[in-house]
Protein chains: 2
Amino acid sequence: MLDVAATAGVSVATVSAAVNGTAPVSSELRGRIENAIAAIGYKRNAVARSLKTGATKTIGLVIADITNPFFTDVVAVIQDVLHRAGYAVMLCCTDEDPEQQEEQISLLLDRMVDGLIIAPAGNDHALERVLQRAGIPTVLIDRISHGIAADAVVLDNQRAVQDAIDYLVGLGHRRIGYISGSLDTSTGLGRLAGYCGALENAGIQHDDALVRIGNFREKDAYNAAMQLLVMPERPSAIFSANNLMVIGVMKAIRDMGLRCPDDISVSSFDDFPWADVFQPNLTTIAQPVQAIGEHAAQLILDRLADRSDRPPRQIVLAGRLTIRASCRPFSAPEAR
Amino acid sequence: MLDVAATAGVSVATVSAAVNGTAPVSSELRGRIENAIAAIGYKRNAVARSLKTGATKTIGLVIADITNPFFTDVVAVIQDVLHRAGYAVMLCCTDEDPEQQEEQISLLLDRMVDGLIIAPAGNDHALERVLQRAGIPTVLIDRISHGIAADAVVLDNQRAVQDAIDYLVGLGHRRIGYISGSLDTSTGLGRLAGYCGALENAGIQHDDALVRIGNFREKDAYNAAMQLLVMPERPSAIFSANNLMVIGVMKAIRDMGLRCPDDISVSSFDDFPWADVFQPNLTTIAQPVQAIGEHAAQLILDRLADRSDRPPRQIVLAGRLTIRASCRPFSAPEAR
DNA sequence: TGACATATTCGAAACGTTTAGATTAGCTTC
DNA sequence: GAAGCTAATCTAAACGTTTCGAATATGTCA
């Protein structure tokens, strides 16, 4: 900028004013400055700018797993909206590990991000303290962390799972296996509550043995499903609490020599773009990823715009049960 | 940091030395400083640090589409390696649009990233100039851009596709449809060359009408496949040049009332984690995503470590044809 | 013509670090 | 005991911006 000022024969203050349009500059000087900029190939140094202004125009985005299509779908729309608003996005993954989460958030805070969008892993109170201290706008997505009073956009997980289980019950299923996500997350908890609620409504006795923890991971879900499938009286249907886990469930079913939906019905949280064209065509709960992303981005932009301390807003969206062909009416097992 | 220095009763230089370990500090002062840091809750300001040192410890990562599982797999391992080395990653998406690409790169350059990992969109010479001017270490992944002399890690696309087409030819197929990616990319070109090469080797006359551009996008691929399927003498097999497009191909097949593999064989570039458990079990070319990511990260770290101007290294990896059940031996159409 | 408002432009002090070079203190060594 | 080292610490100048208040120029009005 000094070089520009020198070749244009003006002061740096004027260059700054011209570049940012923060103060009137005569067209004469503006012309000279623009020429100088073009000649030198000057680019404003965002780091120095950030140091002075205290704003990096960057948002930190913390999710569990970049390999999970649900998160990437949401990330894609968040990025889109924020870029349009002049913000860059710094993406970090926690692998569902609270310790890594803290590390990543610390890294983002070091870099002075202006705001944070987080899908919290675990239910650590550490997060609460860290965010308190950071004192920057934060919005929670997908999951909420107990005790953190922040803007959030989440799904009505309980309602959504209840719909799915109701559907299975309606097909006559009574012994329904449930592969749960980590119970350290609000999603894990909420979805399980939906399962339990639906069973209770239907007057079906809850059987602890039918609920297994898959930690939202394919591998863990595979093992969990295996345990379900080797039971003497195995479930006639299995519900998986997310997209990654249902792959594990399907692999377990295959490895046990069973077929879906002939031998066992399967349904899961999160939709797949290919579900319509690959068999079994999975019956899923589709999340409104577009809406989730847009709301999250908008919430953070609002907070960034007016620093007013309006009370946190929680946006709750609904999942949509998408019935395909992976669930069959219950039929008594012939000879197991 | 001044606060820390003040409460510890030392100079900022000493605090800096203690924090960074760049100069010896007596254990006496080190203790006082550590206490002061704990008391105040001091965190080093990375922005100021970057301004002074000229390094942001951040790598820009530019890909086409965060929604594409191939890219996210690669991104995941790159992030992992770079984080371990103390670098943050800033992820940007171009949507295969050279203009957006330039914008995103500009944004990263503004923020003074220390290096760039790019899967270039288009074959613009603009990119070349921009990178030249930026003068920071760059590694290209997945695709190479003509005329850019940079480190790169790519696949032997031609060889890989040739293997797949050889396989189809071996099954007796003669009219093989090809859904191509954008021919502005080296991957689009290389994969098409593999198709053409295999056909030539087999002595099969090339038919332009069998090659359609799907631009690596599901939607475009759907339309492209539709054109193939309404031909009077439609192909008996279709190869899709990436993962997103094969979904479009399958949808087209379904919408035409056909079945895979009964009526038509399908194969594609890029593997799916669920391909083993959903029918038709796709025969695919799996890319070594782990290796791609590790090499890319290592190349950039090497460049960052020694600024030596060693000639660019190009790492070429091999794809692996994974035969499943989506291709059948050719049988003459009965009554089409 | 002098006083005053208005419109531009400029000088210089931040922002929070790093770091080269100066300073000081404490030891050796002759 | 002076000279010379070494080790630890400090002072102060950067890094490239933004921004406040001062300075300058131009025009207007009495």
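Atom set for the values below is all heavy atoms of this structure, side chains included, hydrogens, waters and symmetry mates excluded. Model, not experiment: these values are computed from the prediction. Just so we're on the same page: letters track the sequence lines, and every chain starts at 1.
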Quick one: which of D/dC10, D/dA12, D/dT18 gets closest to the side chain of A/T53?
D/dT18
To the nearest Å, give me how far apart CG (B/L2) and P (D/dA12) are.
14 Å
Whole Å only: how far is the NZ atom of A/K52 from the C1' atom of D/dC15?
14 Å
Verify the contact: side-chain N or O of A/S26 to OP1 or OP2 of C/dT9, cut-off strictly under 4.0 Å; return yes or no.
yes
For a quick test of reading the model, state the closest non-hydrogen atom pair linking A/A36 to A/A8 and the distance between them.
CB-CB, 4.0 Å
Assess the side chains of A/D302 and A/Q298: does a donor N or O sit below 3.5 Å from an acceptor N or O?
yes
Whole-Å gap separating P (C/dC15) and NZ (B/K43)
21 Å
Looking at the side chain of B/T14, which of C/dC10, D/dC10, C/dG16 is the nearest nucleotide?
D/dC10
Using a heavy-atom cut-off of under 4.0 Å over every strand shown, decide if B/L29 touches base, sugar-phosphate, or nothing.
sugar-phosphate
Against the side chain of A/V10, the closest entry in C/dT17, D/dG16, C/dC10 is C/dC10
Ranking C/dG11, C/dT18, C/dT8 by distance to the side chain of B/M1, first place goes to C/dT18
From D/dT17, D/dG16, C/dC10, nucleotide with atom closest to A/L51 side chain:
D/dG16
Could you measure the distance from the CG atom of B/D73 to the CD1 atom of B/I78? Nearest 0.5 Å is fine.
11.0 Å
Selection from D/dG16, D/dA12, C/dT18 that lies nearest to any side-chain heavy atom of B/N20
C/dT18
Check whether any side-chain N or O of A/T22 sits under 4.0 Å from OP1 or OP2 of D/dT19, and answer yes or no.
no
Between P on C/dT9 and CZ on A/R32, what's the gap in Å once rounded to a whole number?
9 Å
Checking A/T58 against B/R111: is there a side-chain donor and acceptor pair closer than 3.5 Å?
yes
Rounded to the nearest Å, what distance is computed from the CE atom of residue B/M112 to the C1' atom of nucleotide D/dT17?
12 Å
Side-chain N or O of A/N45 closer than 4.0 Å to phosphate OP1/OP2 of D/dC15:
no
Closest to side chain of B/S11, choosing from D/dC10, D/dC15, C/dC10
D/dC10
Report yes if at least one side-chain N or O of A/S16 is closer than 4.0 Å to OP1 or OP2 of D/dT18; otherwise report no.
yes
Salt bridge or not for A/K43 and B/D110, using N-O below 4.0 Å?
yes
Classify B/V47 by what it touches in the nucleic acid, base, sugar-phosphate, or nothing, heavy-atom distance under 4.0 Å.
nothing
